[in-house]
A.B. asks: 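Handing you this structure, nothing more for now.
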Amino acid sequence: MIETIFDFTFYYPLFMSYLWMCGGLYYYFHYERADPAFDQPPPLKDYPPVSILVPCHNEAENIADTVASLLAIDYPEFEILLIDDGSTDATPQLLDRYAKMDHRIRVIHLAANQGKAVGLNTAAMMAKHDFFLCIDGDSIVDPHCLRWMMRHLTDSPRVGAVTGNPRIRTRSTLLGRIQVGEFSSIIGLIKRAQRTYGKVFTVSGVMVCFRRAALHDAGYWNPDALTEDIDISWRLQMRHWDVRFEPNALCWILMPETLRGLWRQRLRWAMGGTQVLFSQNGLFGRWRHRRMLPVYFEYFTSVLWAYTMAGIIVLWALGHFIALPPALRVSTLLPGWNGMVIGTTCLMQFAVSMFLDAKYEKGLGRYYYWMIWYPLAYWMLSVATTLVAIPKVILRGRKRATWVSPDRGLQP
């Protein structure tokens, strides 16, 4: 029995790592390298106007950079809707000031903290245009992002959303530097791989472009979802809208650089994924939803892996106090030859992902050294947050998800 569990905990990350590397490389050479617009923003057949939705809660320290980057976007026509969701700092006054400075900016004030989904839904009802670029209030976007994203939405009427390529701004600590590599090797690589087998688990909520008709068909954003980006990704794709990844659409974001902030963020992500596991299990037995099964099983298996890892740790700890049957005995948690194989594969995955992203961010190679800590630090964090997420989601029930200001790292 214990041998089977060990085999699963060993072979699962190996299998997924090679699947992601192969899928990411295929996507890169088949789509990115073969793209006629590989080196510069493509000219579009037409330029439909876009509404930019920016939900904000206590963003006084960051919103100035965000607004400046939005006003610098290279696109013929757009409006900016700044949504103040019950902020208690100087955010409302700052937003009103920006609205007076530029006619393209409008401000929506919500009296109380009602959550990102409610803010986005409110702005969507007031937006003038049929395409929405949604970004967080602490993000800085690339000037050409809309041209890159809108080409997908104008080329195919079945594309409901296009997710961008977030890059890390906070990199002054070990946690920040590790996340630089993580967003390449995990976030970017996985999205490339998932696109090769048709569907993505989630858009990146910090930067995503939507078609209004697709959002309307899916019922807009769910106020009860802890991660509205995961939830809307699934509801769009279950309604047969296509969700695409555009690596050229860059967005610079702030991430936690403290253990407490990182824990809160990853627990919320884990709970959002768990909500999908519970809410979307109806896809089984429905042939029209078969293309969603790979990403569902991918996440389900990652949850199962987290629980088997936790089981091995518990058996190892119990073995120090009671005599366990030989079949359940775990003598050590120290990695042997199998740990070396996993570690080498992990570093290979980082190398592949940094090769794929080298075009979009220069100097990634200097963060490669720090990636050796990723399996130890982040895999254990993933196990812990997954263990906590499932009971918390079950006990939480249906409850509106409101804002909690996150840790945004040590900013330069």
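Reckoned from all heavy atoms, side chains included, excluding hydrogens, waters and symmetry mates.
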A.B. asks: Could you tell me if the ring centre of Trp221 sits under 6.0 Å from that of Phe210?
C.D. replies: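 Yes - the distance between ring centres of Trp221 and Phe210 falls below the 6.0 Å cut-off.
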A.B. asks: Do you know which of Arg211, Arg158, Arg239, Arg212 makes salt bridge (Lys or Arg N to Asp or Glu O under 4.0 Å) with Asp217?
C.D. replies: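 Testing Asp217 for a salt bridge (Lys or Arg N to Asp or Glu O under 4.0 Å) against Arg211, Arg158, Arg239, Arg212 leaves exactly one candidate, Arg239.
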A.B. asks: Is there a side chain to side chain contact (heavy atoms under 4.5 Å, CB included) between Gln275 and Asp231 once you walk through the steps?
C.D. replies: CA-CA 8 Å; Gln275 284 182 325; Asp231 180 80; over 6 Å; no
A.B. asks: Hey, does Arg235 have a side-chain heavy atom less than 4.5 Å from the side chain of Asn222?
C.D. replies: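 In contact.
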A.B. asks: Taking atom OH as the centre, does Tyr12 end up with more than 12 heavy-atom neighbours from other residues, nucleotides or ligands that are less than 6.0 angstrom away?
C.D. replies: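 Enclosed.
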A.B. asks: Short question: side chain of Ser87, backbone of Pro92 - any donor-acceptor pair under 3.5 Å?
C.D. replies: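 No, because the side chain of Ser87 does not come within donor-acceptor range (under 3.5 Å) of the backbone of Pro92.
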A.B. asks: So, using side chain to side chain donor-acceptor pair (under 3.5 Å) as the criterion, who are the partners of Thr345 when residues are at least two apart?
C.D. replies: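 Listed in chain order: Tyr18.
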A.B. asks: Ser17: what forms a side chain to side chain donor-acceptor pair (under 3.5 Å) with it, not counting sequence neighbours?
C.D. replies: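 Gln349.
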A.B. asks: Could you tell me whether Arg192 and Glu32 have a side-chain N and a carboxylate O separated by less than 4.0 Å?
C.D. replies: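 Here Arg192 pairs with Glu32 in a salt bridge, since their nearest N and O are under 4.0 Å apart.
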A.B. asks: With a 6.0 Å cut-off on ring centres, are His320 and Trp316 close enough?
C.D. replies: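 That pair passes the under 6.0 Å test.
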A.B. asks: How many angstroms lie between atom NZ of Lys199 and atom CZ of Arg291, to the nearest 0.5 angstrom?
C.D. replies: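 The CZ atom of Arg291 is 4.5 Å from NZ of Lys199, to the nearest 0.5 Å.
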A.B. asks: Would the distance check show the side chain of Ser204 and the main-chain N or O of Met207 forming a donor-acceptor pair, the cut-off being under 3.5 Å?
C.D. replies: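 No.
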A.B. asks: Side chain to side chain contact (heavy atoms under 4.5 Å, CB included) for Met101 and Val67? Distances and angles first, verdict last.
C.D. replies: CA-CA 11 Å; Met101 293 168 52; Val67 171; over 6 Å; no
A.B. asks: Hey, does the side chain of His289 reach the backbone of Met238 with a donor-acceptor pair shorter than 3.5 angstrom?
C.D. replies: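 Yes; judged by distance alone, with no hydrogens or angles, the pair exists.
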A.B. asks: With a 6.0 Å cut-off on ring centres, are Tyr27 and Tyr31 close enough?
C.D. replies: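 Aromatic pair counts; centres sit under 6.0 Å.
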A.B. asks: Do Asp136 and Lys116 meet the salt-bridge criterion of a basic N to acidic O distance under 4.0 Å?
C.D. replies: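 Between Asp136 and Lys116 there is a salt bridge, with a charged N closer than 4.0 Å to a carboxylate O.
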A.B. asks: Kindly say whether Gln114 contributes a backbone atom to a donor-acceptor pair with the side chain of Asp85 at under 3.5 angstrom?
C.D. replies: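 Yes: the side chain of Asp85 pairs with the backbone of Gln114.
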A.B. asks: Can you name the one residue among Ile52, Ile80, Thr66 that meets side-chain contact (heavy atoms from CB on, under 4.5 Å) with Leu71?
C.D. replies: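 Single pass found, and it is Ile80.
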A.B. asks: Can you say whether the rings of Trp234 and Tyr296 are parallel (under 30°), tilted (30 to 60°) or perpendicular (over 60°)?
C.D. replies: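 Answer is perpendicular, since the angle exceeds 60°.
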A.B. asks: Checking the side chain of Arg195 only, and the main-chain atoms of Gly23 only, is there a donor and an acceptor separated by less than 3.5 Å?
C.D. replies: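 Looks like no, no N/O pair under 3.5 Å.
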A.B. asks: Nearest 0.5 Å please: distance from the CG atom of Leu25 over to the CZ atom of Phe355.
C.D. replies: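 Taking CG in Leu25 and CZ in Phe355, the distance rounds to 7.0 Å.
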A.B. asks: Check the side chains of Asp96 and His109 for a donor-acceptor pair under 3.5 angstrom, ignoring hydrogens and angles.
C.D. replies: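 The answer is yes; a qualifying pair exists.
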A.B. asks: Here's a test for you: under ring-ring contact (aromatic ring centres under 6.0 Å, His included), which of Trp305, Trp269, Phe201 qualifies with Tyr299?
C.D. replies: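 Exactly one candidate clears the test, Phe201.
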A.B. asks: Suppose we screen for ring pair (Phe, Tyr, Trp, His ring centres under 6.0 Å). Which residues come up paired with Tyr98, at least two apart in sequence or across chains?
C.D. replies: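 By the ring pair (Phe, Tyr, Trp, His ring centres under 6.0 Å) rule, Tyr98 matches no residue at all.
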A.B. asks: So do the side chains of Ser139 and Ile253 get within less than 4.5 Å of each other, counting heavy atoms only?
C.D. replies: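 In contact.
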A.B. asks: Would you confirm whether Thr9, through its side chain, and Met309, through its main-chain N or O, come within 3.5 Å as a donor-acceptor pair?
C.D. replies: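 No; judged by distance alone, with no hydrogens or angles, the pair does not exist.
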A.B. asks: Take atom OH of Tyr307 as the centre, draw a 6.0 Å sphere, and report whether it contains more than 12 heavy atoms from other residues, nucleotides or ligands.
C.D. replies: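 Counting other residues, nucleotides and ligands, OH of Tyr307 exceeds 12 neighbours.
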A.B. asks: Assess whether side chain to side chain contact (heavy atoms under 4.5 Å, CB included) is satisfied between Trp252 and Asp65, documenting all intermediate values.
C.D. replies: CA-CA 11 Å; Trp252 300 88; Asp65 291 336; over 6 Å; no
A.B. asks: Treating Gln237 as the side-chain partner and Val200 as the backbone partner, does any N or O pair qualify as donor plus acceptor under 3.5 Å?
C.D. replies: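 Here the side-chain-to-backbone pair exists.
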A.B. asks: Given 3.5 Å as the limit, does a donor-acceptor pair link the side chain of Arg266 with the main chain of Thr386, or not?
C.D. replies: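 Not confirmed, Arg266 side chain does not pair with Thr386 backbone.
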A.B. asks: Take Glu246 and Cys209 through the side chain to side chain contact (heavy atoms under 4.5 Å, CB included) test and state the conclusion after the steps.
C.D. replies: CA-CA 10 Å; Glu246 177 48 73; Cys209 206; over 6 Å; no
A.B. asks: Does any N or O in the side chain of Asp142 come within less than 3.5 Å of the main-chain N or O of His144, such that one atom is a donor and the other an acceptor?
C.D. replies: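 Looks like yes, one N/O pair under 3.5 Å.
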A.B. asks: Would you call the rings of Tyr220 and His216 parallel, tilted or perpendicular, where under 30° means parallel and over 60° means perpendicular?
C.D. replies: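 Perpendicular.
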A.B. asks: For the side chain of Ser51 and the backbone of Glu79, is there at least one donor-acceptor N/O pair under 3.5 Å apart?
C.D. replies: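 No, Ser51 side chain to Glu79 backbone: no donor-acceptor pair under 3.5 Å.
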